[in-house]
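Here the structure is laid out as C-alpha cells; the discussion comes afterwards.
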Amino acid sequence: MLFSYLFYLSSLFVCLFLAYWGSRYNLKSFIYLLILFLACITGFRGYEVGIDTFNYVAIWDSMLVGKPVYIEPGFQWLICFIQKIAISPTVLFIICSLITYSCFVLRLWDFKNIASFPLMIAILFMLVLMPSMNVMRQYCAIAIIFYSTRFLFWKKYTKYIVGIVLASLLHYSALIAISFWGFELLEWKNLTLLKRRFYLILIVVLLFSAQMIYFFVMTEYGHYFEDKEEKLGILTLAKIFFIITSAFLSGIWRKEILSEDDKFIIKISFWMYLLGVLIESLGYFFPYMSRIGLPFSIFAILYWGILFRNTKNMTLNFMYFIALFLFVGLPFLLSMVDNGFGTMPYSFFVKT
C-alpha cells in the first residue's frame, strides 16, 4: 500500500513539474508529455483498480464473443473499432484516457493567461484522476464537452453541437450540455434583439417540452431517485459560502486589467462551479444523482486557477489555500486512505 501512496503523490508532483515548465516557457511539448503521463496512469491500470473496471472488462469480453450489451451505442462502436486491432481491454482504457486528458488539459491550456495552469493541473489530478478510473465513460464524455465549450465561446455552434452528439453517444448525461447555451444570458444587455427573441422562444419551447424531458430523464435515470438517503452535508454549504464570498472579496471579474472576454469567462466559471455544487448536492438525497452535476462542477478547476492568479492580497491567498486544502486536497488524501474509488492499491496491467 505504501507504493500506492508514493505513486499517486509522486505522480502529482510530476504533473506539477510538467505544467509549470510548460506554462512558464510556453512549451507545448511538455503539455503533450503531461497528457501522455496522465493517460498512462489511468490507461495501464490493473483490472482490479477502480470499482467499475471489471464491469468494463466484462462488457469488452461480451462484445468480443458477440453477446448483447446495454450501454450507449457510441461506446459500443468504439469497442468494436478497437477490437479490430486489439484483443485486450487495456487498449480501450488507454484510448479513453487519451481522449479524456487530451480534452481536459488542452482546454485548460486555453486559459493559461488568466488562470494558474500548474494549479489547474494539480486540481485536475486530485479531482478527476481517481474517479475517471471508476466512471470512465462519463468522464470521457465530460471531457469532450469541456473541450467543445471553446466552440461555444467562439460562436461556432455547429462544432459545439457535434461535440454534444459525440459526448452523448458515450454517455447520455452529456445532453445536459445543451443548457450551456445559457452562457450568453450572462451578457443579456449585450445581446442583439434577434438573439434575445431567440432565447425567449427557446425558453417557451423548453417549458412546453418539460413533460417530455421529464419522461426521458425518469426513463433513463429514474432508478437513481428510488433510494432516498436524506442526509445533508455541511461541506456543500461551506462550498457555496466560499464560492460566493471569494468572488466578492477578490472581485475577480471587476479587474480593470482584464478584457471583456476574460471577464465573461470568469463569470461562467463562477456560475458553473456554483451550479455544479448545487446539483451535486442531490447526491445527499439520492445516490448517484451527484453525477448530473459533474459537467458543471468541472469548471471548479478553472475557477480555482482564476482565483489564485487574480488575487494579489496575501491574506486572501492564504485563506484560499486553506479552503483549497479542505475542499480538494483533503478529499483527495481521504480517497486514498478510505479507497473510496477502489483505486487502492494501485497496480499496472500485467498480461497473463
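Keep in mind the model is a prediction, meaning the values are calculated, not measured.
- Side-chain contact between R309 and I114 is absent, with no heavy atoms from C-beta onward closer than 4.5 Å.
- Atoms CG and OG, from L152 and S148 in turn, are 9.5 Å apart once rounded to the nearest 0.5 Å.
- For the side chain to side chain contact (heavy atoms under 4.5 Å, CB included) test with Y160, the passing option among W154, F153, F180 is F180; the others fail.
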Quick one: do F296 and S179 satisfy side-chain contact (heavy atoms from CB on, under 4.5 Å)? Show the steps, please. CA-CA 10 Å; F296 297 88; S179 66; 3.6 Å; yes
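- F241 and F327 end up in different hydrophobic clusters when Ile, Leu, Val, Met, Phe, Trp and Tyr side chains are linked at under 4.5 Å.
- Enclosure of atom CZ in F3 by more than 12 non-hydrogen atoms of other residues, nucleotides or ligands within 6.0 angstrom is indicated.
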What verdict does the side-chain contact (heavy atoms from CB on, under 4.5 Å) test give for L324 and F308, after you've listed the backbone C-alpha separation in whole Å, the side-chain angles of each residue and the deciding distance to 0.1 Å? CA-CA 10 Å; L324 180 64; F308 274 90; 4.2 Å; yes
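- I265 places a side-chain heavy atom less than 4.5 Å from the side chain of L302.
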After noting the C-alpha distance and the side-chain angles of I35 and L106, does the key distance pass the side-chain contact (heavy atoms from CB on, under 4.5 Å) rule? CA-CA 9 Å; I35 293 169; L106 292 177; 4.0 Å; yes
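- One distance of note links CG of L98 with CG of L36; it measures 7.0 Å at 0.5 Å rounding.
- In this view, R107 and D110 satisfy the salt bridge (charged side-chain N to carboxylate O under 4.0 Å, His left out) rule, not counting sequence neighbours.
- The local environment of CE in M319 is sparse, with at most 12 non-hydrogen atoms from other residues, nucleotides or ligands closer than 6.0 Å.
- A pairwise comparison of heavy atoms in L316 and N313 identifies N-OD1, 3.0 Å as the closest pair.
- Screening residues 74-98 for ring pair (Phe, Tyr, Trp, His ring centres under 6.0 Å), with sequence neighbours left out, gives Y56-F75.
- When all heavy atoms of L38 and L124 are compared, the pair lying nearest together is CD1-CD2, 4.4 Å.
- Using a 4.5 Å cut-off between side-chain heavy atoms of Ile, Leu, Val, Met, Phe, Trp and Tyr, L6 falls into a hydrophobic cluster with L2.
- Atoms OG and CD1, from S168 and I178 in turn, are 8.0 Å apart once rounded to the nearest 0.5 Å.
- Not counting sequence neighbours, R45 has no partner by the salt bridge (charged side-chain N to carboxylate O under 4.0 Å, His left out) test.
- In this structure, the side chain of Y8 does not engage the main chain of M130 through any donor-acceptor pair within 3.5 Å.
- Residues L16 and L119 do not share a hydrophobic cluster, clusters being chains of Ile/Leu/Val/Met/Phe/Trp/Tyr side chains in contact below 4.5 Å.
- In terms of heavy-atom proximity, V128 sits nearest to I301 at CG2-CD1, 4.5 Å.
- Not less than 6.0 angstrom separates the ring centroid of Y273 from the ring centroid of F242.
- Annotation: ring pair (Phe, Tyr, Trp, His ring centres under 6.0 Å) contacts involving residues 101-124, sequence neighbours excluded, comprise F104-F146, W109-F117.
- L78 and I87 fall into different hydrophobic clusters, where Ile, Leu, Val, Met, Phe, Trp and Tyr residues are linked whenever their side-chain heavy atoms come under 4.5 Å apart, directly or through other members.
- Residues W60 and I82 meet the side-chain proximity criterion, which asks for heavy atoms closer than 4.5 Å.
- Checked against a 6.0 Å centroid threshold, the rings of Y47 and F349 count as neighbours.
- Between Y157 and K159, the closest side-chain pair of non-hydrogen atoms is not below 4.5 Å.
- Under the 4.5 Å side-chain contact rule for hydrophobic residues, M336 and V14 share a cluster.
- Here salt bridge (Lys or Arg N to Asp or Glu O under 4.0 Å) pairs that include residues 46-63, with residues two or more places apart or in two chains, number zero.
- Hydrophobic clustering keeps F13 apart from F125 (ILVMFWY residues linked when any side-chain heavy atoms are closer than 4.5 Å, directly or through intermediates).
- The aromatic ring centroids of F348 and Y346 lie less than 6.0 Å from each other.
- Rounding to the nearest 0.5 Å gives a distance of 7.5 Å between OG of S250 and CG of N317.
- The two atoms that bring L170 and R137 nearest to each other are O-NH1, 2.9 Å, heavy atoms only.
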Give the C-alpha distance, both sets of side-chain angles, the deciding distance and a yes or no for side-chain contact (heavy atoms from CB on, under 4.5 Å) between N134 and T343. CA-CA 8 Å; N134 189 7; T343 55; over 6 Å; no
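- To the nearest 0.5 Å, the span separating CG on L333 from CG on D338 amounts to 10.5 Å.
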